[in-house]
**Student:** 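Dumping the structure here so I can ask a few things about it.
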Amino acid sequence: MSASRRYWLVKSEPSVFSIRDLAKSPKQRTSWDGVRNYQARNYMRQMVLGDQVLFYHSNADPPCIVGIAEVVRTAYADDTQFDKSSHHYDPGSSKSAPRWDMVDLGYRREFPVSLSLDRLRGEPDLKRMELLRKGSRLSVQPVTPSEWNCILELAGVGKKNRKTG
DNA sequence: GCCAACGTTGGC
DNA sequence: GCCAACGTTGGC
């Protein structure tokens with residue numbers, strides 16, 4: 001068994017569900033439903049409680065990382081796959097063998113400054129980040145510890161920015 | 001709105 | 001198992 005991951009990134013269109021929507025949700029939690037990509041699903045299945053998650057706004061102006069969420073419930077069946085009225089309905093899935101999972105995410109913080117794609121592309125430490133790969137469409141993706149640290153510094157919430165201690 | 005990149009489907 | 005057609009994602 002491989003080591004569990006600690007850091008992730010999820011994408012959401014702010015016109016559909018923004019980080020502020022998450023902050024305003026009951027208990028500041030939401031189920032991350034609607035993921036219909038096997039690789040993204042598999043990453044969600046690897047998540048453990050307490051894993052930290054970058055929140056990215058896609059189809060935004062500009063597209064940017066806006067804050068942090070946390071895994072508050074590990075993978076379980078996404079009920080929208082059984083709901084015929086949902087546009088996430090999957091006729092090929094069944095309750096006895098659910099095809100799609102979701103996790104629950106809790107709000108942690110919104111960054112004082114959002115980090116646009118342009119800003120991220122300017123960072124040598126992020127050159128290999130999945131988010132910045134040309135043609136990358138993965139809506140749930142792993143983030144390395146060094147990428148995580150770099151992003152928190154850029155956002156002004158990293159260790160170097162902490163005044164107390 | 002355009003379109004490149006990508007994932008999925010289905011004919012063969 | 002190949003690959004063309006199609007649908008979707010998401011930056012621009």
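Letters A, B, ... are given to chains in the order of the sequence lines, protein chains preceding strands, and every chain is numbered from 1.
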**Student:** Do A:Trp100 and A:Tyr38 have their ring centres less than 6.0 Å from each other?
**Tutor:**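 Yes, ring centres under 6.0 Å apart.
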
**Student:** Side chains of A:Ser116 and A:Asp118: do they bring a donor and an acceptor to under 3.5 Å?
**Tutor:**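 A:Asp118 and A:Ser116 do not have a side-chain donor-acceptor pair below 3.5 Å.
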
**Student:** Need to verify one output field. Residue with the more 5' nearest nucleotide on DNA chain B, A:Arg99 or A:Ser136?
**Tutor:**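 Whichever sits nearer the 5' end wins; that is A:Ser136.
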
**Student:** Of all nucleotides in DNA chain B that come within under 4.0 Å of a heavy atom of chain A, which is furthest toward the 5' end and which toward the 3' end?
**Tutor:**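 Using the under 4.0 Å cut-off, the span is B:dA5 to B:dT8.
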
**Student:** Identify the residue among A:Gln81, A:Arg99, A:Arg36 that makes a side chain to side chain donor-acceptor pair (under 3.5 Å) with A:Asp90.
**Tutor:**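 With A:Asp90 as partner, A:Gln81, A:Arg99, A:Arg36 yield a single side chain to side chain donor-acceptor pair (under 3.5 Å), made by A:Arg99.
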
**Student:** Give every residue pair that meets the side chain to side chain donor-acceptor pair (under 3.5 Å) criterion with at least one member in residues 16-26 of chain A, sequence neighbours excluded.
**Tutor:**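 Output for this query lists A:Ser18-A:Asp21, A:Arg20-A:Glu110.
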
**Student:** Classify the nucleic acid contact of A:Arg36 as base, sugar-phosphate or nothing, counting any heavy atom under 4.0 Å across all strands shown.
**Tutor:**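 The answer is nothing, as A:Arg36 stays clear of every strand by at least 4.0 Å.
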
**Student:** For a side chain to side chain contact (heavy atoms under 4.5 Å, CB included) with A:Ile151, tell me which candidate from A:Leu9, A:Val157, A:Asp125, A:Ile65 qualifies.
**Tutor:**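 Answer to the side chain to side chain contact (heavy atoms under 4.5 Å, CB included) test with A:Ile151 among A:Leu9, A:Val157, A:Asp125, A:Ile65: A:Ile65.
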
